[in-house]
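No experiment lies behind these values; they were computed from the predicted model shown. Order of the sequence lines sets the chain letters (A, B, ...), proteins ahead of strands, with each chain counted from 1.
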Amino acid sequence: MSDHGHGPPSVAPEKVKVIVGFLFFICAVAVLGELLPSFHPHEHAGLEFVNTFGFHAWYGFLSCVLLVLAAAQMRKLVMRDEDYYDRD
Amino acid sequence: MIEQIPPGLILIVGGLLLPLMPKEVRKVLLVVLPAAGLAHMIQLPTDHVLAYSVFDYDLTMVKVDKLSRIFGIIFHIAAFLTAIYTLHEDDPVQQVAGLTYSGGAIAAVFAGDLITLFVFWEATAITSVFLIWASRTERSYKTGMRYLVMQVGSGVLLLAGAIVYFQQTGSVDIEPWTDLGHHQMRGMFAFDSFGEASLAQLLIFFAFGIKAAFPLLHNWLQDAYPEATVGGTVWLSAFTTKLAIYALCRMYAGSDVLIPIGATMTAFPIFYAVIENDLRKVLAYSLNNQLGYMVVGVGIGTELAINGTASHAFAHILYKGLLFMGMGAVLYRAGTVKGSELGGLWRQMPYTTVFTSVGAAAISAFPLFSGFVSKSMILTAAANEQHIITFCILLFASAGVFHHSGIKIPYFAFFAHDSGKKVKEAPLNMLIAMGIAAALCIGIGIWYQPLYDLLPFDMNALHWVPYDTAHVVTQLQLLLYSAAAFVFLQKMGWYPPELKSTNVDVEWVYRKGLKDVALATGRALDVGYTTFRDELFGVAWGIVERIKRWHSPGGPLGEPWPIGAAAIAAAIMLILFLALGWL
Amino acid sequence: MSGLPIYWMAIVLMMVGLYTVIARDNLVKKIMGLNLFQVAVIMLYVSMGKVEEGTAPILDHGHLPEGFQHFSNPLPHVLMLTAIVVGVATTALGLALAVRIKEEYGTVEEDEIVLMDQALERGEG
Amino acid sequence: MEAPTPHEVEVVHRTLTDHLPILQVIIPLLAAPLCVLLRERALVRGMAIGVAWTCLAISVTLLQHVMEHGVISYAVGGWDAPFGIEYRIDLLNAYILVVVSAIAAVVFPFGRGGEGLALNPARVHLFYAALLLCLCGLLGMAATGDAFNIFVFLEISSLASYSLIALGRGRRALRAAYSYLVMGTIGGTFFLIGIGLLYQTTGTLNIVDLHDRLQPVIGSRTVVVAFAFLVVGLGIKLALFPLHQWLPNAYTHAPAKISAFLAATATKVGFYVLLRVLFTIFGATFVFTTLRLHNLLLPMSLAAMFVGSLAAIAQTDIKRLLAYSSIAQIGYMTLGVSMGNVDGLAGGIVHLFNHAMMKGGLFLVVACVVLRTGSAKIDDMAGLGRKMPLTMAAFVVGGLSLIGVPATVGFVSKWYLVKGALERGWEPVALLILLSSLLAVIYVWRVLEVIYFRERPEGAKEVGEVDATMLIPTWILIGAAVFFGLRAELTSQVALDTARMLLGTGL
């Protein structure tokens, strides 16, 4: 994965590939779940857009990407040395 | 007779007696007292009231209803689990502080008036600080002082509010909710905008707000929790903030202002959680975020929202405790919880890994875990009342929670790159405590009915079903795609690495900003002023020194004078008294 | 100068006594000073009982003795009997303590005793 | 012979019950020489305890009688007041008599007797003789209604306590007793001068009569001088700052049991006599309106509170710490007096009772510690929380009461003092009361920290819990401190009634 860290990956890369593959598979299944006959979205006035197809999927994905990128930018603003407060 | 014992008292009195006991008895009592307290509390009827009078004032020591009951139960369970978790350590200070702290929180939950509430409110502040000081480091000492100032400050605000309220109304009783119809509740102090709030309402609002870690008042939490001892953080995570949520729920239910405040609380701490390196601090940020859901629930104030808040607090105490326990075990064995220094511990601490992952799944609200059956109530309540923006923020925060608590914590501690650390699995008592907590997280997720039966309002009447296809599918979509995003960001190399750092938060204002301003002012002003200031300081210090010297043995006031001097004193006093007659 | 000379005498004696207590380091001399102080008070009281032109308060066949209009007041004298007893007891106890102090410390000078005690305390602390 | 007057007939028909006021003074007075004659240690000890309990029974009966039927007046030898000596029991002295005899009843049985005394065991009977004389003096001071009689009993109790203090181990006890003797005699003589001047002005020694006869001449210079001598003389006896110099050493070096007894009773009776002088002889109007005593008494009390507490913080010896704390506590009592209103005065009076219980209890704890470890140094108490759990728990409760934690008696007194200060419009004083409580937190915490959180040093003397003869008296006093803290109305009601009576605003 990323270049972060010090030692070797603690899980073998092949296994990681399998896990990631499985993740993508159930991601697909989760979206298709909306096609189930028992799927009856809850109607809330003003929140119709929530019930558009795959809304939670892309909203979750986008939220996380934006969250992390924003946080990474925020780091420039707020990050200090570990002993920042201990110095005078 | 047994009804005359207020809940929590068993823990407080028992805790205070602990130092008298030998080591083994202390350990047994540590576990038995919360269990006994729970057994005692459970059998109190729901309309039980215990009044007492101090001087001429009638106060209510205990008032049991369904809301206080559910918080009482979970507080006892948390005390019990934490007690097991800390069994391997023999530190009387922590044991006394832990038991009296939890006892104080329980007693506060059952308080029937503001004065009784204040007494136990302060009791939790004073007892809990010892859990931070028990780390016995310079750093924890300073942190503890900052923590204490905030906590005691909250109590002072509460007392001030209670006094103002008493002057207005002649009563300090905590009143029950007003039922506005349409399943909408309103607490005795609820207000919708700051403009309409009275002084008493505001004072008590901010008293609760400090302990509930409202935005800008929150920083004591992230400051203190990572500095407490391994067990201390677990004690801390359960009580203080949830006591505040309880108090808000009881007195401010239905306050519209709480909705934006709570929404902010769910969102902004997660940005910090993403870049924070100290994993216990990450948990502290995510605790703050979870409180946000509860605050929103209180603000909405419908029966469903209040039930959601109560059940979420219940579930939250368990899984948050579990996560802190997991990180505590890592800290205990590996000596650090810095993400940058950890990784690959799953081989050495397999049980801890599994239990922590259960906690992670529960906080992320995966179906079949406790978070799912409670949090979704608050989201639905928000949607029902058409708080559209709030709903979207909560949804965003749900994805974010999974991202930093559900993935980041286990990933950087137990997986990622091998840190090369050689550590042992956590001690047995820790594993037992984590195992019970994990079992409860799953148990509540599957058999949620017993929890629902404890809630203040009848769940059947609310037509609430947690597991329907739409809930499960949408929640899974949200979480799985968040996970996909994590993989995507890692692959792209965009994920911010774990770095040794301090991330400045509101605390900057008082830990750095004010200090810097003072220093800059000092430099800008002329030397004369500096000299004057130093002189003043020197004089003040000299006075303190002199007081010390004078009163110490050997000093003029710390040791009796020879007879001659004493007789002169008598003669002088005689003259002074004679002078009374002439003046 | 107002008041009877006897009062001034009592005051002077009292001051001498108190001064001795304050100024002398010797414990036996302090007791002597204390004695003077008490005696001054006794004299003050006794002088109160005297009524000018008064005689001893003894009835002569149920009448005042020839040539007297008043009796002197006997009560202060009676009171002072008790005070004298108290004074004697105090002096005895004080001197007994001085003897014991001399045995234990080897001196009856208060300043030396204070120094010895302070040295002892420093040694312990 | 003339026909008997109605008065004499009444004397003939008096029953034993009517003689109770004098009996409780006479019994210890007669028991003291009996001790010297009996010599047998166990016998003497048993008799002393019996006397103390008899006095307690008598004083409780008297208190009940006074509460139901009002003031008891007893003419000694059948000579009626104001010419004879009158024993006059009203609510205030009945209350003091109960306090003193109750403390005696609890403290006398403490321990097996003879421990901690620098005395040949064959002579322990003399110790008990002195102890009984001291009790006799204290009860006599409280019971009598005659000013000169107060002086006599004052000297009886003082002389007895000088010799009791001198019985402490170590030569410093001798010096402490000597200093106390000199200062005490100066105080007693000042008191005597004051009485003499009053007698000179009014021709009476009866306290109630004095009050009536003083009113026409109240502003005269002789009266003012008498007032100054009386107050300063009593100030020495009750160890009011800065006249307290005799107290720390006396309490530190006396045998521990004697420290407990004297700390709980001697200064309290001194305080009682001060109340009598201020309110019954001179009257509140003269004291507070004409002389404005509070201008002097208030700063002295505040100084006592702070100097006492600060000095207590700095001490290394636990007995001396408690002694300095006593000075601070006496400051609270006189502070209550200086307020000159019902709540403040009641606070002072109730604190008299409360402090007797908690300080008596704490000194008994120290007596237990000294007996076991042989040292009164605070550092030598390290780790005793485990070794002597019951004794140390008593110290915790007593310490909390000293601080004034709710549910202990200390809180009750401070409540009334703060209330009195606020009523008087002295907000800063109320604040200072709370502030000095904080100082008490520090000195109590210092000791608790050593007891519970410090390990017993390696190689320290092995110690265990003390036996029941010590634990029971200790816990009776400490238990009373909690009991009367929870049932505050029992003591505070008496104190409020007494305060109203003294200030002449009721009863």
Side-chain angles (χ1 to χ4, degrees), chain A residues 1-11 16 19-20 23-24 26-27 29-34 36-42 44-47 49-51 54-72 74-75 77-86 88, chain B residues 139 270-272 274-275 343-347 380 383-384 386 388 391 395-396 398-400 403 414-420 468-491 493-505 507 511-512:
Chain A
M1 288 202 194
S2 81
D3 56 355
H4 149 74
H6 12 228
S10 66
V11 181
V16 172
I19 294 168
V20 168
L23 174 66
F24 287 157
I26 52 172
C27 277
V29 171
V31 176
L32 293 177
E34 288 196 29
L36 285 174
S38 60
F39 187 90
H40 304 295
H42 301 264
H44 297 289
L47 279 169
F49 64 91
V50 170
N51 294 329
F55 171 79
H56 286 86
W58 67 259
Y59 191 83
F61 186 85
L62 220 60
S63 291
C64 279
V65 171
L66 289 178
L67 166 67
V68 170
L69 294 181
M74 200 171 81
R75 220 174 210 184
L77 204 67
V78 300
M79 193 166 82
R80 300 288 188 279
D81 289 343
E82 218 171 6
D83 60 350
Y84 175 65
Y85 287 121
D86 301 327
D88 273 318
Chain B
R139 203 180 150 96
I270 59 180
F271 290 95
Y272 274 96
V274 169
I275 52 173
L345 293 180
W346 67 275
R347 284 180 212 280
T380 305
N384 281 347
Q386 290 157 29
I388 296 163
F391 180 82
L395 214 53
F396 162 74
S398 294
H403 182 265
F414 299 113
F415 303 107
H417 289 259
D418 211 325
S419 63
D468 70 10
T469 313
H471 275 147
V472 173
V473 167
T474 52
Q475 180 69 6
L476 279 177
Q477 281 183 8
L478 191 74
L479 296 178
L480 292 171
Y481 279 82
S482 299
F486 181 76
V487 174
F488 169 74
L489 289 164
Q490 286 275 15
K491 277 254 189 299
W494 290 350
Y495 200 85
E498 294 295 292
L499 294 175
K500 287 184 183 175
S501 61
T502 297
N503 297 308
V504 291
D505 197 339
E507 63 195 341
R511 288 184 69 179
K512 196 79 182 176

Worksheet item: When only pairs under 4.5 Å are counted, which of A:Ile26, A:Asn51, A:Leu36 shares the most heavy-atom pairs with chain B?
Response: A:Ile26

Worksheet, complete the sentence: With chain B, the option among A:Val31, A:Leu66, A:Leu69 that has the most non-hydrogen atom pairs under 4.5 Å is A:Val31

Worksheet item: Who among B:Val472, B:Thr474, B:Ile270, B:Thr380 has the most heavy-atom pairs with chain A under 4.5 Å?
Response: B:Thr474

Discussion item. I'd like to know if the side chain of B:Tyr481 reaches the main chain of A:Cys27, judged simply by a donor and an acceptor atom lying under 3.5 Å from each other, with no hydrogens or angles considered.
Written reply: yes

Worksheet item: Tell me, side chain or backbone of B:Phe488 under 4.5 Å from chain A's heavy atoms, or both, or neither?
Response: side chain

Item to complete: Please look at B:Leu345 and chain A and tell me whether the side chain, the backbone, both or neither of the residue comes under 4.5 angstrom of a heavy atom of that chain.
Response: neither

Item to complete: Using the test side chain to side chain contact (heavy atoms under 4.5 Å, CB included), find all partners of A:Phe24 that sit at least two apart in sequence or belong to another chain.
Response: A:Val20, B:Ala484, B:Val487

Response to the item:
side chain to side chain contact (heavy atoms under 4.5 Å, CB included) filter on B:Ala470, not counting sequence neighbours, yields A:Phe39, A:His42, B:Asp468

Part of [X] within contact of chain B (heavy atom distance under 4.5 Å):
| X | result |
| --- | --- |
| A:Val50 | side chain |
| A:Leu62 | neither |
| A:Leu23 | side chain |

Write down the atom of [X], the atom of [Y], and the distance for their closest heavy-atom approach.
| X | Y | value |
| --- | --- | --- |
| A:Ala70 | B:Phe271 | CB-CE2, 3.6 Å |
| A:Leu67 | B:Gly400 | CD2-CA, 3.7 Å |
| B:Leu489 | A:Val65 | CD1-CA, 4.1 Å |
| B:Thr469 | A:Ser38 | OG1-OG, 2.7 Å |

Side chains of [X] and [Y], heavy atoms from C-beta outward: is any pair under 4.5 Å?
| X | Y | value |
| --- | --- | --- |
| B:Ile388 | A:Phe49 | yes |
| A:His44 | B:Asn384 | yes |
| A:His56 | B:Val473 | no |
| A:Phe55 | B:Leu395 | yes |

Fill in: Steps toward side-chain contact (heavy atoms from CB on, under 4.5 Å) verdict (A:Tyr59, B:Gln477)
CA-CA 9 Å; A:Tyr59 191 83; B:Gln477 281 183 8; over 6 Å; no

